[in-house]
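Report on one structure; see the data block that follows.
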Amino acid sequence: MKFFADTAEIADIKELAATGLLDGVTTNPSLIMKSGRDFIEVTKEICGIVDGPVSAEVVALDHDGMMKEAEKLRKIADNVCIKVPLTIDGLKTCKALTSDGTMVNVTLCFSANQALLAAKAGATFVSPFVGRHDDNGFDGMELISDIRLIFDNYDFGTEILVASVRHGIHVLQAAKIGADVMTAPPAVIRGLVKHVLTDKGIEGFLADWAKTGQTI
Ligand code: E4P
């Protein structure tokens, strides 16, 4: 499963990229707002740090407007992936852009039927939001299972990008289901390495090593 960082914070992206575990980045208008940076500038900087896809979201709601914005965004770098909302205009834009060889991430997916439409529109990625789905009394992971089943039934090439990931259990479940990608806040990705027994084990080994009086 590929790991994308869901952030526009450069320091976090650099730190995760240095581990070699980062396969891409997703941003959205709220994350750009949080960063306090200029959208085009920060996207360009992120694209220079990671080799993989960097999602940059359009804000127009109509097809023509989305195409105009996508035109500007895709000039930023070769690894820009245009993010469009799961609406009729978004799907139309997705079809037009992917037919032209541009990567597209169809975002704000909350049903398996919506994901089916994104796949039919040729999306590179579809982003079901598991956390927000859970928050509203639905089962986010059941949605991922349904999408996996449907995409496998028809051999769709669209990658399932599990979004709105809130904790390690989401990551584990997404991997068990066979999701292609998950995007999570840097803190969630960093948290995956933590285990109390790992820390305890290191502590014990170091204490015994000190008793040997040796160095490596
Ligand atoms: C995905 O691309 C979105 O940016 C993101 O995962 C939304 O997550 P949130 O529900 O935590 O805002």
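Every number for a ligand or one of its atoms is a count from 1 in the order of the listing.
Within the structure, side-chain hydrogen bond (donor to acceptor under 3.5 Å, both in side chains) pairs that include any residue of residues 167-181 comprise Asp134-His170, Arg148-Asp180 (at least two apart or interchain).
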Side-chain donor-acceptor contacts of residues 42-50 below 3.5 Å, not counting sequence neighbours, with atom names and distances?
residue	atom	partner	partner atom	Å
Thr43	OG1	Phe39	O	2.6
Glu45	OE1	Arg37	NH1	3.1
Glu45	OE1	Arg37	NH2	2.8

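A distance of 5.5 Å separates CE of Met141 from CD1 of Ile144, quoted to the nearest 0.5 Å.
For the side-chain contact (heavy atoms from CB on, under 4.5 Å) test, residues two or more places apart in sequence or in another chain that qualify with Gln214 are Trp209, Thr212.
A donor-acceptor pair is defined here as one N or O able to donate and one able to accept, closer than 3.5 Å; no such pair exists between the side chain of Ser164 and the backbone of Val130.
For ligand 1, the protein residues placed under 4.0 Å by at least one non-hydrogen atom are Asp6, Thr26, Asn28, Lys83, Phe129, Arg132, Ala163, Ser164, Arg166.
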Quiz item: Are Phe138 and Phe129 close enough, and set up right, to give a ring pair (Phe, Tyr, Trp, His ring centres under 6.0 Å), and what steps lead you there?
Solution: CA-CA 11 Å; Phe138 300 98; Phe129 278 35; over 10 Å; no
